[in-house]
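Please read the structure below before turning to the comments.
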Amino acid sequence: PPPPPPEPWGDELSFGIALGGFNLSRTIEKIFHNPDNSIEIIYTEYDGLYSADPPGEYRRVVYRKSDGAWQSPVILKEYWFGAEDQNNLVSFRTFDVVKAPNGDIHIAYQGGVGVGLPELDSTEIFYLHIAGGAKVAEKRISNDTTESSYPKIAVRGSDGRVFIAWVQG
């Protein structure tokens with residue numbers, strides 16, 4: 001019989017970032033383990049509590065990189081929800097993240113319903129571009145009163161052109 005296939009993992013890596021705690025919830029959306037052994041992650045973060053003072057929570061999309069030590073977080077998108085905004089349940093969901101041949105990171109995500117927030121009249125698709133560890137572009141891609149969901153993103157290697165597709169309605 002042929003030999004078994006190689007294991008798809010190497011040495012264990014430790015990220016050293018808390019994914020939860022009192023008043024804090026984080027979800028890793030994408031991890032890149034680069035050829036230089038650095039690590040880049042994109043995560044969502046819900047930070048706060050409506051029973052706190054002041055009552056409310058931050059909802060964020062965050063980028064971090066480690067090349068042996070974690071660099072400071074880069075907040076890519078952030079909303080604050082106070083107690084008076086409890087019906088504005090914006091969430092970040094359905095992420096697609098790609099890394100271009102030049103090292104730039106491109107993100108398409110679905111932003112949840114935000115009643116009363118002018119930039120979110122329904123679920124919409126948004127785009128973020130990271131280059132050199134910093135956000136360099138942000139854009140709302142869809143603009144419709146029906147739900148926009150399930151974004152997919154691709155980058156053409158020959159010229160870096162970004163393509164985004166999603167489900168409408």
Side-chain angles (χ1 to χ4, degrees), residues 15-19 24-48 56-82 85 88-169:
F15 294 111
I17 293 178
L19 295 179
L24 177 66
S25 174
R26 292 182 176 141
T27 302
I28 294 177
E29 303 297 342
K30 189 70 174 189
I31 301 172
F32 294 103
H33 187 196
N34 301 315
D36 66 359
N37 218 27
S38 65
I39 297 169
E40 296 172 281
I41 65 171
I42 306 295
Y43 61 89
T44 52
E45 178 175 84
Y46 290 66
D47 184 6
E57 74 179 359
Y58 285 100
R59 297 183 178 188
R60 303 178 181 111
V61 179
V62 182
Y63 164 84
R64 289 195 78 180
K65 182 176 182 178
S66 173
D67 51 8
W70 285 105
Q71 298 173 5
S72 297
V74 176
I75 297 174
L76 304 173
K77 189 67 180 179
E78 178 177 71
Y79 290 104
W80 165 256
F81 294 92
D85 300 319
N88 292 338
L89 298 176
V90 170
S91 61
F92 304 108
R93 48 193 165 168
T94 318
F95 276 72
D96 197 22
V97 183
V98 296
K99 188 168 217 179
N102 69 354
D104 289 5
I105 296 174
H106 301 272
I107 303 168
Y109 70 91
Q110 176 184 353
V113 175
V115 178
L117 294 176
E119 68 269 28
L120 293 173
D121 57 8
S122 184
T123 57
E124 300 293 351
I125 304 302
F126 297 88
Y127 166 74
L128 295 166
H129 177 189
I130 303 166
K135 179 174 73 173
V136 295
E138 174 180 2
K139 184 174 184 171
R140 180 179 177 162
I141 301 300
S142 67
N143 189 14
D144 195 283
T145 56
T146 62
E147 182 170 323
S148 303
S149 56
Y150 303 106
K152 294 295 178 187
I153 190 166
V155 177
R156 185 165 52 200
S158 62
D159 62 4
R161 187 171 184 182
V162 176
F163 298 88
I164 301 174
W166 66 93
V167 175
Q168 188 68 48

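Of the possible donor and acceptor atoms, none in the side chain of S25 sits under 3.5 Å from a partner among the backbone N and O of Y46. At least one donor-acceptor pair closer than 3.5 Å links the side chain of T123 to the backbone N or O of S148. With hydrogens and angles ignored, the 3.5 Å screen pairs a side-chain donor or acceptor of K135 with a backbone N or O of L76.
The shortest distance between side-chain heavy atoms of I105 and V97 falls below 4.5 Å. Side-chain contact between P151 and Y127 is absent, with no heavy atoms from C-beta onward closer than 4.5 Å. At a threshold of 4.5 Å between non-hydrogen side-chain atoms, the residues V155 and D104 do not count as touching.
The list of salt bridge (charged side-chain N to carboxylate O under 4.0 Å, His left out) pairs with a residue in residues 149-169, not counting sequence neighbours, reads R156-D159. Evaluation of the salt bridge (charged side-chain N to carboxylate O under 4.0 Å, His left out) test over residues 27-37, restricted to residues two or more places apart or in two chains, returns none.
For the side chain to side chain contact (heavy atoms under 4.5 Å, CB included) test, no residue two or more places apart in sequence or in another chain qualifies with A165. Under the ring-ring contact (aromatic ring centres under 6.0 Å, His included) criterion, F95 pairs with Y109, sequence neighbours left out. Considering only residues two or more places apart in sequence or on other chains, E45 meets the salt bridge (Lys or Arg N to Asp or Glu O under 4.0 Å) condition with R26, R60. Residues passing the side-chain hydrogen bond (donor to acceptor under 3.5 Å, both in side chains) test with T94, sequence neighbours excluded: Q110.
Taking CH2 of W166 as the reference point, atom CD of E147 lies at 13.5 Å (rounded to 0.5 Å). Taking NZ of K77 as the start and OG1 of T44 as the end, the distance is 15.0 Å to the nearest 0.5 Å. Here the CH2 atom belonging to W70 is positioned 4.0 Å from the CD1 atom belonging to I41, to the nearest 0.5 angstrom. Going from atom NZ of K65 over to atom OG of S72 covers 14.0 Å, rounded to the nearest 0.5 Å.
Between I153 and V98 the shortest heavy-atom distance is O-CG1, 3.5 Å. Across I164 and V162, no two heavy atoms sit closer than the pair CG1-CG1, 4.1 Å. In this structure, G133 and Y63 approach most closely via the heavy-atom pair CA-CE2, 3.7 Å.
Each of R64, H33, K99 was scored for a side-chain hydrogen bond (donor to acceptor under 3.5 Å, both in side chains) with E40, with one residue passing: K99.
The 12-atom threshold is not exceeded at OH of Y150, counting heavy atoms of other residues, nucleotides or ligands nearer than 6.0 Å.
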